[in-house]
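Here's the structure we're looking at; comments come further down.
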Amino acid sequence: MNEAPARLAERVRAGDVRAVSRLITLVENGAPEGREALRRLEATPRRALVVGVTGYPGAGKSTLLDQLAAAYRRQHRKVGILAVDTSSPLTGGAILGDRIRMQAHAADEGVFIRSMATRGHHGGLARATGEAILVLDAAGYDPILVETVGVGQDEVEVRGLARVVVAVVAPGLGDEVQAMKAGLLEVADLVVVNKADHEGAEAAVRALQDWVPLVLRTVAPKGEGLPELLAALDARRDPA
Ligand SMILES: Nc1nc2c(ncn2[C@@H]2O[C@H](COP(=O)(O)OP(=O)(O)OP(=O)(O)O)[C@@H](O)[C@H]2O)c(=O)[nH]1
Ligand SMILES: [Mg+2]
């Protein structure tokens, strides 16, 4: 009987960052010992608030995640961030970009950041990301923030994984309202009109209010609107 998976699971449960990282890699690669360690974690109660953040490229998802992570750190919570990259031509640069923008948290042991490439496999987001969420949850990360680009199936799959889904749009990125009618709005619990410092933000908010119960405005780099977003997310936590 191989004891390595049991030990790995134990280290994950103890919050060992390297074990978390290693297990996610094993699971991504479909390694049997990864599956075995994961199986041992499945009985761990799921506690984390899982937040899906989706929206079109460049809307400001990563900037917003960065601000959310900073705010949660001030509350002394361990934050997990999964940036899902579908490696489509549209999002090919996402991994590097996310890493660079997240460097502020690189030295912080309380923030775990991982880019996940689903490499275009159908359903890949749900499988690999769902398993990574389980690992982070078992290791005590709460909240777990998952960034996906809302240009395909990803936002639908993230709906199945997240307790709350935030759709991020920006005014002036084209016909975002029409585009959102096509799918993003169906999966979103709330919509954030980011880049509210840009022209057209007010009109975007008004148009969206007809479609979703909650529309917030943010200027992510300045942290404007962040307290309202944090409150909206907290309201969706399960009662303890
Ligand atoms: N003026 C303004 N710029 C912003 C705002 N939020 C983000 N940006 C800028 O918009 C650009 C894109 O922001 P990101 O956070 O990378 O957007 P993203 O949605 O994560 O992009 P992808 O991951 O590539 O889809 C960056 O240059 C940000 O600095 C905002 O509220 N106002
Ligand atoms: Mg991004």
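We count residues from 1, following the sequence as given. Remember, it's 1-based here, ligands and their atoms both numbered in the order they're listed.
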Verify the distance test for Ser62 against the Mg ion (ligand 2): any N/O/S atom under 2.8 Å, yes or no.
yes
For the 3.5 Å polar cut-off, considering only N or O atoms, please tell me whether [X] and ligand 1 meet it.
X: Pro221; answer: no
X: Ala196; answer: no
X: Gly58; answer: yes

Treating Asp16 as the side-chain partner and Arg18 as the backbone partner, does any N or O pair qualify as donor plus acceptor under 3.5 Å?
yes
Is there a donor-acceptor pair under 3.5 Å between the side chain of Lys78 and the backbone N or O of Ala139?
yes
Any Lys/Arg nitrogen of Arg47 or Asp142 sitting under 4.0 Å from an Asp/Glu carboxylate oxygen of the other?
no
Are Glu42 and Arg39 ion-paired here, with the side-chain N under 4.0 Å from a carboxylate O?
no
Is the closest side-chain heavy-atom distance between Val205 and Gln209 below 4.5 Å?
yes
Distance-only criterion, 3.5 Å: show the donor-acceptor pairs between side-chain atoms of residues 212-221 and protein atoms not counting sequence neighbours.
unit_1 : atom_1 : unit_2 : atom_2 : d
Arg217 : NH1    : Glu202 : OE1    : 2.2
Thr218 : OG1    : Asn194 : OD1    : 2.8

Just to check, does [X] reach to within less than 4.0 Å of ligand 1 when the distance is taken from its heavy atoms?
X: His198; answer: yes
X: Gly55; answer: no
X: Glu147; answer: yes

Only heavy atoms count here, so choose which of Thr218, Val219, Asp197 is nearest to atom 2 (C) of ligand 1.
Asp197
Atom 3 (N) of ligand 1: which of Lys195, Glu224, Gln67 has the nearest heavy atom?
Lys195
Does one side chain, of Arg114 or Thr25, offer a donor that lies under 3.5 Å from an acceptor on the other?
yes
One finds that the ligand 1 atoms under 4.0 Å from a non-hydrogen atom of Thr63 are 7 (C), 13 (O), 14 (P), 15 (O), 28 (C)
Check Glu147 and report its N/O/S atom nearest to the Mg ion (ligand 2), by atom name.
OE2
Sequence neighbours left out, what passes salt bridge (Lys or Arg N to Asp or Glu O under 4.0 Å) with Arg35? Give chain and number order.
none
